[in-house]
Amino acid sequence: MPVPGTTHRSSPSLGEAREGRLLADRNPRRVVELVVAVSALLGVGVIVFGPHVLHGGFYSDDWADAARYHFADSPRYWSSFRGFQHNSGGRPLLALIRPTPHALFGQNASLHLGLALALGVLTAACLYLALRTLGVARLHAWWIAMLALLFPWADSIRLWPSASLNNVAVCFYLLGVVIAIKGLRLRGAVSYAVHGAAVLLYVASVLTYEVAAATALLTGFLYLGRARTSTAVHRWAADVVAVGGALMYDLLATSGTKPVGSFGQRIADIPTFIRQSFSLLSLSLFPFGTSSAAKAAVLLLAAAILGVALVRFRRGVAPWLQPWLLAVLGGVIVIASAYFMLLGSYLDPLDDGISNRGNIFAGIGFVILVYSLTGIGARLVAGEGRAGVAVGLAVAGLIAVGYGIRVNHDESDWRRSTLWQRRVLAVSDQVLPRLPHRATILTFGVPAMISSGPPIFNETWDLHGAVELDRNDPSLRAFPIYTGVRVICHADRLSISARGEYNVPTVLYGRIFFLDIPGRRVERVRNRTACRAALDGFRPGPLTAPA
């Protein structure tokens, strides 16, 4: 997070100490400011993500979670919570949250996507509040929050209901920062109680989704200079003990349910993360160009801006650069600490589709870094006065437009996935209007995902859950067959072989149905001979849908 400083008042500076008291008192203007900022963020969110709320659908885990809740024993919430708890490992608070949207909205995808949008706006609002509490001027705090809301390399957390719930962890951390900073202004037992609340929020963040854990361990840097050194160090130590304990619990609980990257795997990931982080920075600065030449030019320009700024600041001729350079440093720290938590996982910075959720917290660091670099560059060229502010905002506006265009493109691909899903279920209903109890459907001819990453049906749990809900029969099973998924005909059963998490138990013959979606053909497989014969005419779908 950026550390604010103070500057002269000729124009809105990045850090203004007098502006850092948002909600610290009962001044109605502070409340009005927050309401206006959140309303503006909501307006941007509705404009950009509103069409997806209306026309999007369920994806991947959404189907499995909806089916689990729908068919859970009474009381549904607690029964489904136990199932989520088993799969969530060291994220017990996330397990508590996951059934809630299904309890409130049932199978209405638009309401789930509306909640995803609301959580996105809430996260941006929490970021705005944190930045203001740290002393960042309202103008800059709002633009950073707005860019974070739009950041297209983490847009799955706005477009995918299941991933959107992870925003709660980011909100917990950001609110913890707000409370901790405000607690430094207090004295006595009240001060300790307030910081205790901040520590609880840090721990809650880790136990929801641990992406901000490393940053929470470093948050003590923000305490320095805002209180006596001994006070800051003691509170920082409390953070480290509590967050470290939560991380240890998360590691132990997760290791029994999910693969945890070894130390060697984490080290091996570092070069990839560094290389992809620079590539993502260039895209974040110039979202309109994807060629290698454009990326290199943007990075060289950013390096030149930063180099000139450092030289001028060290010579003492531009003291106004201090808060901007501190913001650059803060952005780098957020990115590095966020990616530290992803080392050894299967998520990389440049992943697309549902996998770009890995940037849920790093995206905040990128927009802080991007906004700071553009602000420095604009003021170096046009001066620290109104002209520099205007140029900086114009560049930020162009970047926001680029983010919006990219999000719009991604939204269209996610909606293409929804259309494919509806086609699969419609053909299944028409060609197989009646299914025997405990039947198993294998679908052929359907792409596993859209080329940009959104899944259609590509796992054992998504098509399975969709068919269960569509037929209102939890005894049914359904699995997508596409390139890379192999059907094996044994003497008395059928099995499926695939890489990754696609793991299907063997299925006895008799109640197996091969369903070719494009050809609208179905064949019941009763024995190995029928299985082998059917495989000659039923072709797996491609890995990705044609453009």
Side-chain angles (χ1 to χ4, degrees), residues 1-22 29-30 32-34 36-41 43-44 124-125 127-151 281 284-288 298 301-313 315-331 364-404:
M1 302 293 294
V3 182
T6 58
T7 71
H8 60 279
R9 304 296 180 212
S10 60
S11 65
S13 59
L14 180 65
E16 296 184 357
R18 65 184 179 89
E19 295 288 355
R21 297 177 58 193
L22 183 64
R29 289 180 298 176
R30 308 296 185 187
V32 171
E33 176 197 330
L34 183 59
V36 170
V38 174
S39 298
L41 289 170
V44 172
L127 176 59
Y128 174 85
L129 183 58
L131 292 172
R132 295 289 286 119
T133 302
L134 291 170
V136 177
R138 66 171 69 93
L139 176 70
H140 305 304
W142 188 87
W143 273 91
I144 291 171
M146 187 268 289
L147 290 173
L149 175 65
L150 297 182
F151 192 69
L281 174 59
S284 302
L285 284 163
F286 187 63
F288 304 98
V298 169
L301 179 59
I305 291 172
L306 187 58
V308 171
L310 287 171
V311 169
R312 294 196 64 187
F313 180 71
R315 289 179 177 175
V317 298
W320 59 267
L321 280 167
Q322 180 181 9
W324 292 96
L325 292 174
L326 286 174
V328 168
L329 177 61
I364 291 175
F366 276 107
V367 297
I368 291 173
L369 182 55
V370 164
Y371 190 82
S372 301
L373 287 173
T374 56
I376 291 172
R379 285 156 179 78
L380 288 176
V381 172
E384 173 62 0
R386 295 181 181 274
V389 174
V391 172
L393 292 181
V395 174
L398 286 174
I399 292 174
V401 170
Y403 287 4

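Residues: numbered from 1 along the sequence shown.
- Shown here for V367 and I364, the closest heavy-atom pair between the two residues is CG2-O, 3.2 Å.
- Note: L149 CG to L127 CG = 10.5 Å, rounded to the nearest 0.5 Å.
- Sorted by first and then second residue, the ring-ring contact (aromatic ring centres under 6.0 Å, His included) pairs with a member in residues 367-393 read H140-Y371; sequence neighbours excluded.
- Across every non-hydrogen atom of A145 and A124, the tightest pair is CB-O, 3.4 Å.
- Remark: L398 engages no residue in a side chain to side chain contact (heavy atoms under 4.5 Å, CB included) (not counting sequence neighbours).
- When all heavy atoms are compared, the tightest approach of M146 to A400 is CE-CB, 3.8 Å.
- Side-chain N or O atoms of Y128 include none that pairs as donor or acceptor with a backbone N or O of I144 at under 3.5 Å.
- Distance CG/L150 to CG/L41: 9.0 Å, rounded to 0.5 Å.
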Evaluation steps, side chain to side chain contact (heavy atoms under 4.5 Å, CB included), between Y403 and V370: CA-CA 12 Å; Y403 287 4; V370 164; 4.3 Å; yes
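- In terms of modelled atom types and a separation under 3.5 Å, the side chain of R312 and the main chain of G316 share no donor-acceptor contact.
- The two residues R379 and E384 make their nearest non-hydrogen contact at CD-OE1, 3.0 Å.
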Side chain to side chain contact (heavy atoms under 4.5 Å, CB included) between L325 and L306, worked out: CA-CA 8 Å; L325 292 174; L306 187 58; 3.9 Å; yes
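- In plain terms, the two heavy atoms of I368 and A327 that are nearest each other are CG2-O, 3.4 Å.
- Looking at residues two or more places apart in sequence or on another chain, you find a side chain to side chain contact (heavy atoms under 4.5 Å, CB included) between V36 and V32.
- With sequence neighbours excluded, the residues satisfying side chain to side chain contact (heavy atoms under 4.5 Å, CB included) with A302 are L285, L373.
- Residues satisfying the side chain to side chain contact (heavy atoms under 4.5 Å, CB included) test with A382, not counting sequence neighbours, are A387, V391.
- Of the inter-residue distances, the one linking L329 atom CG with W324 atom CH2 reads 15.5 Å to the nearest 0.5 angstrom.
- Between the CZ atom in R315 and the CG atom in L310 there is a gap of 12.0 Å [rounded to 0.5 Å].
- F313 meets the ring pair (Phe, Tyr, Trp, His ring centres under 6.0 Å) test with no other residue; sequence neighbours excluded.
- The minimum heavy-atom distance linking V298 with F286 is given by the pair CG2-CB, 3.5 Å.
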